[in-house]
There are 2 protein chains.
Amino acid sequence: MAGKVTRDDVARLAGVSTATVSYVVNNGPRPVARRTQQNVREAIEKLGYEPDGVARSLVTRRTRSIGFIVPDILNPAHTAITRALGDALWDADYSLTLGNSDENPERELACLRAFRGRGVDGVALTPGGGNLGALFALHESGRPLVLLDRQIEGLPANCVLFENRGGTRAAVEHLIELGHRRIGLINLPAALTPGRERRDGYLDALAAAGLRHDPALIREGGFKGGGDNPGRRLEGRLLAADLLDRRDPPTALFVSNNRLMRGVLHLLRERGLRVPADLALATFDDMEYYEDITPSITAVDTSLQEFGQQVARLLLEQIEQGQNGREPRVIRVPFRLNIRESTRGT
Amino acid sequence: MAGKVTRDDVARLAGVSTATVSYVVNNGPRPVARRTQQNVREAIEKLGYEPDGVARSLVTRRTRSIGFIVPDILNPAHTAITRALGDALWDADYSLTLGNSDENPERELACLRAFRGRGVDGVALTPGGGNLGALFALHESGRPLVLLDRQIEGLPANCVLFENRGGTRAAVEHLIELGHRRIGLINLPAALTPGRERRDGYLDALAAAGLRHDPALIREGGFKGGGDNPGRRLEGRLLAADLLDRRDPPTALFVSNNRLMRGVLHLLRERGLRVPADLALATFDDMEYYEDITPSITAVDTSLQEFGQQVARLLLEQIEQGQNGREPRVIRVPFRLNIRESTRGT
DNA sequence: TTGAAAGCGCTAACAA
DNA sequence: TTGTTAGCGCTTTCAA
């Protein structure tokens, strides 16, 4: 506040030009005599000078910050990705500015605009499906952009995805190996990448085992991910109840994400179902508490940490080297199936 | 990128001065004739002009961004606070820049520095206990600062706290009402505000019921909150096991936070304990999944959303009105005891 | 009601 | 090896 120390003060005290101070502070781009460096450093120390990032940004046109739009950071999967992304960016001296879209296209657009206004050096987001115009424009402007979890038809942007299909297939095959023949699927909407690919993985597993697929065993949520809409909170509960109330109910369930799974857990408690005796359960997204609760839950562990790191890598690569007409990269983060009591028993 | 549209272009096209464009864009501080406004707006529209936030910040010395340092955003309690804070700031047209300290004083300091360099308009953090010098300096510089969850001796900064004492007392009284006489406490380190106050609330409840307090029933973690140190992940498990292995074990446990609680849940599963028959359980921090799992968990619900909102309020108040020598505000966020199966049974 | 112009603190091109 | 200086895009004082 009071009387900010600027580079001029340092230059004066050290008896050099402001340019020299700049070269010392930034370690370049041109060399400075050792002796002079000394003097400047001392002056900086004595005055308690700190460079002003805003002024620097104005001339370099870089802010060393990344805008990150997440549908809902309350979803533990997004939290973990945010954490990993933030850490990786931090290591590269970038900071993370957060925006919640709540799966609301207007909010998403508002975030995009706000980020541009603030001059972020890149944007990462889980696109809600709208705002195609803005996203194409953003991509065409050459600004670093990374899509998470969902691809956008025709938009050749870098993208990080889960092994949706392979992970789901592995989990369902595991259920099949345990002897299950009627396996229900509580799925995300198949309109977006994760729902579509997880459904395909489920079908793959059935087909590979020579099981006929009964469409009546698939239930699909109408919800796309974020927000705290209470009606949707336990959507998984409704869908699972629906399935279990059939005259010929499944003996096992694969649940496509952690939000749906919460609803299913809720239902288990309400009905006092024994797991895996009455119903075996496997799910996508491995939450930390799945290994603490009773029964512990078999889950496809998607390495959220690596996911976040890859997003950072793509972003930094683009910032430092530009896209250079390179083909867009689509990275799949590997998975691991964590088998626990909800399928294997105690 | 290519040929950015600046205010000069707009001024030229509209046939006015750059100052006028500025007044139109900012709606002030001086009036502009309706007719002129029209012209300027049209020019802006036609050129697709967008103000440059960085340049504006350089002159206004405001960035409309807040730096937020959290020990570990993976802790769902912090996530929820972050979300609420971010939303409230967003509504006021501020953005949130995130830093994870991991309870590491060096990282905390690095965040503080980075934030200053980036010119944030205010800082909110859960202080780790170190960096006293930097925090006092920050506060004295007059920059908006809000402390979360932990007070710092002698630092008269605005602060938002939980009703640690009252909430814990209510939960323990609930256990006493259910007939429990030997109630264990798995606590956070009493060196910091939450641990100290929760312990006091526990003692309050015992005293009010005329129960003698047995120090052997209190176990205290050594951990201060963040990070993913695997050894600490299930600290609650060790502490609880220790307590239950006594010849005269408690019949109920109050667990001071969600991280410790995860360890306790893990232990329940390992030992096949029936809750609440073998052991009744109540905890501080109400996680969403506590109402979905079996048994559902009785918890002190601390309204994380309101917590985040209060942080935002304090911050914005300080930014807009300055502290003006006002007394520092210490806000306590109310709680609610959510009674569920882990104490009351099914 | 409006224009001209002086900076905000910094980087880097141009000179020396 | 170092100094001088022209901006970066914007806000706002001073004049008109």
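So that the names make sense, note that chain A is the first sequence line, chain B the second, and so on, each numbered from 1.
- No side-chain donor-acceptor contact under 3.5 Å links Thr79(B) and Thr82(B).
- Checked by atom type and distance alone, the side chain of Thr18(A) never pairs as donor or acceptor with a backbone atom of Asp8(A) at under 3.5 Å.
- Salt-bridge annotation for Arg56(A) and Asp52(A): absent, with no side-chain N of the basic residue lying under 4.0 Å from a carboxylate O of the acidic one.
- The residue among Thr18(A) and Thr36(A) whose nearest nucleotide of DNA chain D lies closer to the 5′ end is Thr36(A).
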Just the atom pairs and distances: protein N or O near nucleotides 13-16 of chain C's N or O, under 3.5 Å.
residue, atom, partner, partner atom, Å
dA13(C), N6, Tyr23(A), OH, 3.4
dC14(C), N4, Arg30(A), NH1, 3.2

Got a list of protein N/O to nucleotides 8-10 of chain C N/O distances below 3.5 Å?
residue, atom, partner, partner atom, Å
dG9(C), N2, Ala55(A), O, 3.4
dC10(C), OP1, Tyr49(A), OH, 2.5
dC10(C), OP1, Asp52(A), N, 3.0
dC10(C), OP2, Arg7(A), N, 2.8

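- Panel note: side chain Asp102(A), backbone Asn104(A); no donor-acceptor pair is recorded below 3.5 Å.
- Counting non-hydrogen atoms under 4.0 angstrom, Gly15(B) reaches the backbone sugars and phosphates but no base.
- Every residue meeting the ring-ring contact (aromatic ring centres under 6.0 Å, His included) condition with Phe307(A), not counting sequence neighbours, appears here in chain and number order: Phe162(A).
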Show me the side-chain donor-acceptor pairs of residues 117-139 of chain B shorter than 3.5 Å, one per line, residues at least two apart or across chains.
residue, atom, partner, partner atom, Å
Arg118(B), NE, Ser95(A), OG, 3.4
Arg118(B), NH2, Arg64(A), O, 2.7
Arg118(B), NH2, Asp93(A), O, 3.2
Asp121(B), OD1, Thr63(B), N, 3.0
Asp121(B), OD1, Thr63(B), OG1, 3.3
Asp121(B), OD2, Thr63(B), N, 3.2
Asp121(B), OD2, Arg64(B), N, 2.7
His139(B), NE2, Pro156(B), O, 3.2

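- Using a 4.0 Å cut-off, some side-chain N or O of Thr20(B) falls inside it from OP1 or OP2 of dG3(C).
- Put simply, CZ on Arg12(B) is 14 Å from P on dG3(C), counting in whole angstrom units.
- Val25(A) comes within 4.0 angstrom of nothing in the nucleic acid, heavy atoms only.
- Pairs passing the salt bridge (charged side-chain N to carboxylate O under 4.0 Å, His left out) check and including a residue from residues 22-48 of chain B, sequence neighbours excluded, do not occur.
- Listed by chain and residue number, Tyr94(A), Leu316(A) satisfy the side-chain contact (heavy atoms from CB on, under 4.5 Å) test with Ala92(A) (two or more places apart in sequence, or in another chain).
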